[in-house]
Amino acid sequence: MHRYRTHTCGALREGDIGIEARLSGWCHRIRDHGGVLFIDLRDHYGLTQVVVDPDSPAFKTAEMLRSEWVIRADGKVRRRPDGTENPDLPTGAVELYARAIEVLGPAAELPMPVFGEQEYPEETRLKYRFLDLRREHLHNNIMKRGAIIDSIRRRMKAQGFFEFQTPILTASSPEGARDYLVPSRLHPGKFYALPQAPQQFKQLIMISGFDRYFQIAPCFRDEDARADRSPGEFYQLDIEMSFVTQDDVFDAVEPVLRGVFEEFSEGKPVTQKFPRIPFGEALRKYGTDKPDLRNPIVMEDVSDIFRGSGFKIFARIIETSPQGAVWAIPAPGGGSRAFCDRMNSWAQGEGQPGLGYIFFVPEGGKVLGRGPIANNLGPERTEALRTRLRLKDGDAVFFVAGEPQNFVKFAGPARNKIGDELGLIKKDRFELCWIVDFPMYEWNDEEKKIDFSHNPFSMPNASVEEFLALDPADKDKILALKAIQYDVVCNGVELSSGAIRNHRPEVMKKAFAIAGYDESVLEQKFGGMLHALSLGAPPHGGIAPGIDRIVMLLCGEENLREVVLFPMNQRAEDLMMGAPSEATPKQLRELHIRVVKPGQSAS
RNA sequence: GGGGGCGUAGCUCAGUUGGUCAGAGCGUCGGCCUGUCACGCCGAAGGUCGCGGGUUCGAGCCCCGUCGCUCCCGCCA
């Protein structure tokens, strides 16, 4: 007989009745009836009930056992007595009638229980992550994560992609995040950077003559966390292809994403053909470049209705500012003063002056708009609004006004809030889309200069000749320029960003010049890359969907920590391992490093 | 760096206008219990009400500061 087990705790069935079995696992739950004692023995595979009678030689040991002790139990598999079967358990028809129990790993009193679903503070859960991971919920999430990654690999390989490994100790990459630095022992005063993404490497792999690269790649960024953004490190499905257009990238990636979502969505519908929404349209309709398409609300510009109207606040905004506009957020079913007032106070809580509204009620066979805006706007214009937005009695419409570039930051959340409050969001589905035609540049109003809008390594959507001919002074033309860059969005979560790369050194130099960077800056920071591009680079492009976010969505979680094995807390600390920690003087000496803490003097 | 929310037993939380307000459930420990599977019953331990200061005859409750957790903004694909 094996030292520890003949079966796992999820294995025994009716067909095993009568055999001698040996199980090892954790004491999940112990029920002591004085005479007879039940132990739910748990391992990775499942749960089996172990029964110990007073006349069993194991009884004395069994009485000492506590939750989460690791034991080995030997005995005969027998049918549970009539009426005591547990249909909720795959092993529920049988039990192990214990003859011998060996304690393999006793447990001190637990800081948090494994049994049960009681919520525990994040801090405790992270410090004792191994206990939390024993719990069914997290355990399942992590296993699902592994299965999702397996599926992604399988799908990528089936499409002719090949997995490469890229360095972890490297130099800074083109993304704009803060780097994690690693001091060099051999080169005093010099540092490696951990890759923010294998961006330059994957491009170099294409320049090296390979094709269809992918990697489940660790990425390191020293930036602050969010619920959907891990501090420090995360994983991307990093992809790059040569001789491709944007359509080729979409054709390669869309089936992988759709396939993996369908495989793990547990029956929830998944978008079959991802719509392609231009960046500008996304802002206009949804107020964000990562729209949640489960929310049916589509905003509309209704400036013309307010222009010169009796509602002076909006009329004046449209008159006085060349960009001034009024957008309508239709709210089907929101047609009550109580709801509109509630949204108004929500807006004020968000730091807005308020959220204007009209709500529609039936009166004398007609539908009338109510509220201060309707009163000032007059019945004709109110009716024009209502028909344009296809609203009926019992509905409402909210307004955001000002310059769109300023109010979209509020309009998007308002659309989400209204959709959420009114129950309009079709949960239980995965709505994916591409966001395309990102602007290449944007205006930096603080520094009064043109900046890269996103990744400076994207190809501008113009011919080489056109682009090189751009006059840096022609601000409007430059700001109207699009990059061949795209995002994938699912349920309002940005999964990924990608681009056709700028593989022409002269275009790259021009692109940086427009953003005000001297050629020497480019040479200094990306000289290696530039040089590589000048020695025969294929047109290439790719994308890098966030693995953690995909898993989070498919597990139905709101926080990445629920799908990462050993996550750090929001302040980028590993409470279990105690990272970061101070280095010893010897380590620092070898690295030629002297630590100056905030408030200390360098001397 | 900034803003919001939270902080009472190991955990989840209650605690009224400032006046028996140091409480419940779960967990832990002890006792009883031969068919439970959220076992049941009895009992016990467990608290600087995050910390510091202030107002008050009196503070878990009000005020100021501070720390921690969390969500968001900045930042970041």
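Just so it is clear: chains get the letters A, B, ... in the order the sequence lines come, proteins before strands, and each one is counted from 1. Values below: all heavy atoms of this structure, side chains included; hydrogens, waters and symmetry mates excluded.
- Partners of A/Tyr45 according to the side-chain contact (heavy atoms from CB on, under 4.5 Å) rule, which considers only residues two or more places apart in sequence or in another chain, are A/Arg5, A/Thr8, A/Asp43.
- If you measure from atom CD of A/Gln49 to atom P of B/C37, you get 10 Å, rounded to the nearest angstrom.
- Sorted by residue number, the members of residues 88-96 of chain A with any non-hydrogen atom under 4.0 Å from RNA chain B read A/Glu95.
- Judged by distance alone, the side chain of A/Ser56 and the main-chain N or O of A/Ala98 form a donor-acceptor pair under 3.5 Å.
- For A/Tyr192, there are no ring-ring contact (aromatic ring centres under 6.0 Å, His included) partners two or more places apart in sequence or in a different chain.
- A donor-acceptor pair is defined here as one N or O able to donate and one able to accept, closer than 3.5 Å; no such pair exists between the side chain of A/Asn140 and the backbone of A/His137.
- Nucleotides B/U34 and B/C41 are separated by 16 Å at their C1' atoms, to the nearest Å.
- In this structure, A/Asn461 contributes its side chain and A/Ile484 its backbone to no donor-acceptor pair below 3.5 Å.
- Atom CG in A/Leu65 sits about 21 Å away from atom P in B/U36, given to the nearest Å.
- With both ends at atom C1', the span from B/U55 to B/G68 equals 26 Å, rounded to whole Å.
- Residues of residues 23-39 of chain A having a heavy atom closer than 4.0 Å to RNA chain B, listed by number: A/Arg29, A/Arg31, A/Asp32, A/His33, A/Gly34, A/Gly35, A/Val36, A/Phe38.
- Among residues at least two apart or in separate chains, salt bridge (charged side-chain N to carboxylate O under 4.0 Å, His left out) pairs with a member in residues 411-420 of chain A are A/Lys417-A/Glu421, A/Asp420-A/Lys427.
- Spacing between B/G23 and B/G46 at atom P, rounded to whole Å, works out to 14 Å.
- Rounded to the nearest Å, the gap between the P atom of B/C63 and that of B/U17 is 14 Å.
- Scored by the side-chain hydrogen bond (donor to acceptor under 3.5 Å, both in side chains) test, A/Thr61 finds no partners at all (sequence neighbours excluded).
- Comparing the P positions of B/C49 and B/G60 gives a spacing of 7 Å, expressed to the nearest Å.
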Enumerate the protein-to-nucleotides 4-11 of chain B contacts in which both atoms are nitrogen or oxygen and the separation is below 3.5 Å.
from  : atom 1 : to       : atom 2 : distance (Å)
B/C11 : O4'    : A/Tyr120 : OH     : 3.2
B/C11 : O2'    : A/Gln118 : NE2    : 3.1
B/C11 : O2'    : A/Glu119 : O      : 3.0

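- To the nearest whole angstrom, the two P atoms, one in B/A59 and one in B/G54, are 12 Å apart.
- The C1' atoms of B/C61 and B/A14 are separated by 14 Å, rounded to the nearest whole Å.
- Without hydrogens or angle criteria, A/Arg80 side chain to A/Ala93 main chain gives no donor-acceptor distance under 3.5 Å.
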Listing time: all N or O pairs from protein to nucleotides 42-47 of chain B that are below 3.5 Å?
none

Taking N or O atoms only and anything under 3.5 Å, show me the protein contacts with nucleotides 68-73 of chain B, one pair per line.
from  : atom 1 : to       : atom 2 : distance (Å)
B/C69 : OP2    : A/Arg571 : NH1    : 2.8
B/C71 : OP1    : A/Asn559 : ND2    : 2.7
B/C71 : OP1    : A/Arg561 : NH2    : 3.1
B/C71 : OP2    : A/Gln570 : OE1    : 2.6
B/C72 : OP2    : A/Ala227 : N      : 3.0
B/C73 : OP2    : A/Arg226 : NE     : 2.6

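- Heavy-atom distances to RNA chain B give each of A/Arg549 and A/Glu85 a nearest nucleotide, and the one nearer the 5′ end belongs to A/Glu85.
- For A/Phe115, counting side-chain heavy atoms from C-beta on, the closest listed nucleotide (B/C75, B/C39, B/G35) is B/C39.
- Atom CH2 in A/Trp69 sits about 14 Å away from atom P in B/U28, given to the nearest Å.
- Every ring-ring contact (aromatic ring centres under 6.0 Å, His included) that A/Phe164 has, sequence neighbours left out, goes to A/Phe162, A/Phe210, A/Tyr213.
- No hydrogens or angles were tested; on distance alone, nothing pairs the side chain of A/Asp40 with the base of B/C37 as donor and acceptor under 3.5 Å.
- Partners of A/Arg79 by side-chain contact (heavy atoms from CB on, under 4.5 Å), not counting sequence neighbours, listed by chain and number: A/Glu14, A/Ile17.
- What separates CZ of A/Phe220 from P of B/C76 is a distance of 19 Å, to the nearest Å.
- Proximity of a side-chain donor or acceptor of A/Asn491 to a complementary backbone N or O of A/Glu431 within less than 3.5 Å is detected.
- Among residues two or more places apart in sequence or in another chain, the side-chain contact (heavy atoms from CB on, under 4.5 Å) test is passed with A/Asp224 by none.
- Taking the C1' atoms as reference points, B/A9 lies 12 Å from B/U28, given to the whole Å.
- Rounded to whole Å, atom P of B/C29 lies 14 Å from atom CD of A/Glu63.
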